[in-house]
Amino acid sequence: MNECLDKIIDNYLENEGNVLTILQDIEKYYGYISEDAVCRIARELDIHPSRFFGIASFYSQFHLKPRGKNIITICRGTPCHIKGSEKILGRMRMELDVSRDEETTEDQLFTLEEVNCVGACGISPVVAINGQVHGEMDINKMMREISKLRADN
Amino acid sequence: MVSLNIDGKQLSVDKSCTIMDAASKLGITVPNLCHNPDLSTFGGCRLCLVEVEGNPRPLAACATLVQEGMQVKSSTPYLERLRSTNVELLLSDHPNDCMLCERAGNCKLQELAYYYGIRENRFEGTRRTYDKQDNNPFVSREMEKCVMCGQCVRICEEIQGARAIDFSYKGLWTKVTPPFEKDLDCEFCGQCVGVCPTGALTGKMWSNKGRQKFREVDTVCSYCGCGCNLTLAVKKNQIVRVYSRKNTINEGMLCAKGRFAYEFVHSPDRLSRPLIRVNPKSNWVLEDTHDSGGPGKQVQRSPALQDFKEVSWDEALEYIAFKIREIKESSGPDAIGGLSSARCTNEENYLFQKFIRAVIGTNNIDHCARY
Amino acid sequence: MRDKELIVKVCSGTGSVSAGGAEVLQAFENLGSSYGIETGFKNGCRTQKVGCRGFCSRDVLVDVILDGEKITYEGIKPDMVPRIFEEHIIQGRPVLEWVAGDEHKKFHSGQTKVVLSLCGEIDPEELDAYVAAGGYETSLKAYTQLSPEEIIEGIKRSNLRGRGGAGFPAGHKWEFARKTRSDKKYVICNGNESDPGAFADRCIMEGDPHSIIEGMMICARAIGADKGYIYVRDSYALAVKRLRRALEQCYEQGLLGKNLFDSGLDLDIRLYPAPGAFICGEATALLKVIEGKRAMPVPRMHRTAEKGLWERPTIVNNAETLANVPRIMSRGAEWFAGLGTETSGGTKVFSLTGKVKNTGLVEIPLGMTLREIIHDIGGGISNGKSFKAVQLGGPTGGCIPESFLDHQVDYESLALAGTIMGSGGMVVFDQDTCMVDTSKFFLEITQAESCGKCTPCRIGIRRMYEILDRITKGKGRLWDIELLEELGTHIRTTSLCGFGMTAPNPVLSTIRHFRDEYAVHIKDKKCPALVCKDLLSFSCIQENCTGCGMCKKVCPADAIRGIRKKPHKIDQQLCIKCGSCIDACKFGAIHIE
């Protein structure tokens, strides 16, 4: 933790960086914009954290919440909804133990996201796992994928 | 100096002036929400558009420098239509709950809506809604009423130097927030409340205590030697809120104490006349406080009112003079010391040290900010 | 064969890397070493990676130059390499079936390569390759022989205009900066390029980074700057890598740093990779980002050339503009001016995409007509469909219909047609495109990308998007077209920066040229191009239906009823218009209207 912060601060000082370079580094080392890291760097460099947040929330490349190792995106378009994406989503929430307002599991292994439509309605319901689209998903298939990912870890 | 013509009136101004500055010299008000002469140029509300001859596009008066021979029109049917459309757009993303809004009657947006007669809105659509938060006792933040004029952000950064808030996110969802959308955690100077043109930022202390028909009382802040001018909004002989006028020594700026800490005025504990102690200090008792049966901590009891006698100012001053003389005669001037206060003015502090040094004859004089 | 000179050039832009360019290059190198051919730059025989040559739809492109005779192959995969090596390089018989055909010739013959002249010809990671092609000669001249005024005069005479969109004459901009006194001046290369569908700057940065650096050196000399920034999107990983390498090489060789060319002048150029956001291309927003602030444009009370980065004179030029500078300096301002029209000199790179046969990067002299670009270079519309419109200038540009195709491509005539040059995105639409849906698509991007500072842009664009959304869902109101026009013009007139001023363009231009299509959506609740799903109705053509049941199987809504081997029916109440049945039906029995 402290090593990362030192590296980020060194990079800032050496390369006449600015708030943005610090944020890029935080995203690189932590995978998201960690509030703790921002506040500590802000204190160290005497820059107010509000400036960091203003910039971090501006770009979609920066994530304000930690993201898991595996990103599971469940399509919530109408066709998928009718084909039972809600059920899959509910079951996944249970299985991964993430509540409605959070997205990432405690062990940082999975991030569960919803998306409006991935445009593959013909094979609904659709779930994208780490960017790869899987069609005609059901709970059993989903569980198999999850255990595969768990085993890979 | 540059000479230009606004609405047929000729004038000369410095070349660093904007059209807005020049217009205000002529007494012409150009509608705006984000302009504040104390702050940097923002140019966001797009209401101060004016027509300048030779320019195909209307220009923002607040962000255009004057040029020699400029012919400016500050109000034409075309400009009024553009302004009205911008107000309409702002209202399409506004809760429009003026009925309950703290700022009704004293709101720039409401005034503009009234002026342009906007009742129907052609642009109804998605509105920002935010759950209320902020557990601080001073500033109420209803960000769905925000018109993104940026005055709060600028005053916080440029005048107060606190940078407690900044714009975050983008598009329609742009929002002025403290870092990570936490509760406001700053020095609570309330400068942002002072500049907010709408009901987005208001003082919690004066909510629901009436919006109009105040008696305004101009006074000077009693907290420190700066001597900021305050205006008290008084209702039934109670201070409802405190603000400051622009044309004062403090240019309308106040700190947390001046703006929010006025409740002491009505405190029953407040000393209103001099008191002379009648019971000696040794009579103070030490009370035991017992927490869950443990050995209590001894706390000094504050002196009660019966330990003192209420006297007139003449009596009090006479008593002080008598005591000082007595001590000086018996123990010499160095047995006396003077402590002054930052609440006094510079002049008062100067007089006090003069009194201690020249009249009493000791250098034992101090002040919380040191002499 | 060893005494022959052999050069194999493998396209290594982002497009071809994803198509397997690196593997193809590796395959050539492996085979080369197994045949005992030593490869290297100094050697006569070599393989090299080169930048994008534009014809991205036929990646991976490979040039085999044997004794100066160049054969271009297209669509090469790693497994095709051994045969080329065996037959062409060893035996001297080109593999004719893979040689790039007429389309390739047509694609290139109409183009005039100025900015892209080295892109695809030299190895972008080798400084020596750039120097061998005449690189850094003009900067040497600029620093040792020419006065700043002479450089600026040359740029002015060349009629070079900013390629980032607005088209401000570069020479004038430089002159403003030159004439402003300051202790410090800056030159900035704008490589933000965040329009979906534009990749001209990326290809230049990837394929010829040294030209940009040299352009910046000349600009710095002309205005008196000693500090430069190359602002580039960090998602352009390859461009970042190559620019970084190019800068390192320049510092190693003393081309940057202290006392350039013994002139006593210094120049420090830093790479500034930043997350891409559309608004960051706006010069004042870009400067805010470099200053470490939020990318919010500020009103231009002064020119950035006079008061820019940290209130100092700053030149912000697009990557393409800067890459043009060394060419102008070496071949003369008159030559460059002669390439274009009276008002704008030189060439412009367009990213030709959409429904044309040949997509890719094309560089054309300004003044060429759109018809020539689309039908000659682009090879016309693919799949035998007919042309409907071309969108120029990215999401804030406008759509131009058939009737404007004979207009010249230059800043003025495009403005007349209701669009902008922008950063050179050129998306061609065919008859299957719904203009309302297209406008909605562009506004969906711009409404989210607005920085949120000014009222018309923040709320206005969102409202336009909502009105368009309503129209595509069949809930349009009769006065919506007029409302869109009024609001669009309002946003264009009152917005703070160039982003807001141009953001309504897609809507305004499509209303201007395709008003009927909007009217049909609103009045008849139909989408003539069959795109807007909510306005479609799906039905089963009873005569064609064999009752195979495929559609029933795929329908996610269970809206298709029918007995096997009997014609089926679609229940309009249940149908969610997802279109799965059309894809599934092998007999063309699903009818949409």
Side-chain angles (χ1 to χ4, degrees), chain A residues 1 4-5 8-9 12 17-27 29-67 76 99-104 108 111 113-117, chain B residues 34 39-40 42 44 126 128-134 136 139 141 143-144 146 148-193 195-196 200-201 256:
Chain A
M1 177 84 182
C4 284
L5 289 179
I8 293 171
I9 290 170
Y12 166 84
N18 64 29
V19 173
L20 191 59
T21 42
I22 295 173
L23 286 170
Q24 285 170 319
D25 282 349
I26 294 179
E27 177 84 24
Y29 289 119
Y30 294 83
Y32 76 107
I33 303 300
S34 142
E35 188 184 334
D36 185 50
V38 166
C39 290
R40 288 166 71 166
I41 289 177
R43 214 173 314 132
E44 193 88 2
L45 298 174
D46 201 18
I47 308 172
H48 200 278
S50 69
R51 174 155 292 172
F52 286 91
F53 186 70
I55 295 175
S57 61
F58 192 87
Y59 300 100
S60 46
Q61 285 94 326
F62 293 133
H63 298 99
L64 297 171
K65 282 181 182 165
R67 279 160 61 88
R76 301 284 287 119
S99 69
R100 200 163 271 276
D101 22 304
E102 52 186 11
E103 289 176 333
T104 304
Q108 303 289 315
T111 290
E113 289 177 345
E114 296 173 43
V115 66
N116 275 334
C117 181
Chain B
C34 68
L39 306 175
S40 61
F42 190 68
T126 320
R128 296 163 295 161
T129 47
Y130 299 116
D131 296 334
K132 290 245 169 63
Q133 53 158 348
D134 260 289
N136 74 76
V139 181
R141 301 169 60 243
M143 295 324 284
E144 61 272 17
C146 174
M148 230 55 79
C149 72
Q151 289 193 66
C152 51
V153 177
R154 280 177 288 155
I155 203 160
C156 191
E157 171 170 354
E158 295 166 14
I159 306 261
Q160 209 62 28
R163 286 186 183 164
I165 45 174
D166 200 354
F167 293 101
S168 46
Y169 307 100
K170 57 182 169 181
L172 187 72
W173 306 102
T174 311
K175 186 182 178 188
V176 174
T177 60
F180 294 92
E181 293 213 56
K182 289 285 156 65
D183 283 4
L184 196 59
D185 179 20
C186 62
E187 54 194 72
F188 295 108
C189 62
Q191 294 273 58
C192 49
V193 177
V195 291
C196 183
L201 299 171

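In what follows, every chain begins at residue 1, and chains take the letters A, B, ... in the order their sequences are listed. Every value quoted in this text rests on a predicted model; they were computed, and no experiment measured them.
Shown here for Glu158(B) and Leu39(B), the closest heavy-atom pair between the two residues is OE1-CA, 3.5 Å.
Of the listed residues (Ile8(A), Ile55(A), Ile41(A)), just one forms a side chain to side chain contact (heavy atoms under 4.5 Å, CB included) with Leu23(A), and that residue is Ile55(A).
Only the side chain of Lys182(B) comes within contact range of chain A, judged by heavy atoms closer than 4.5 Å. Of the atoms belonging to Phe58(A), heavy atoms from both backbone and side chain fall under 4.5 Å from chain B. Residue Ile33(A) touches chain B through both its backbone and its side chain, counting heavy-atom pairs closer than 4.5 Å. Only the backbone of Phe167(B) comes within contact range of chain A, judged by heavy atoms closer than 4.5 Å.
At least one cation-pi condition fails for Lys65(A) and Tyr32(A): the charged atom is not both under 6.0 angstrom from the six-membered ring centre and inside a 45 degree cone around its axis.
The pair Glu157(B)-Arg163(B) meets the salt-bridge criterion, since a charged nitrogen lies less than 4.0 angstrom from a carboxylate oxygen.
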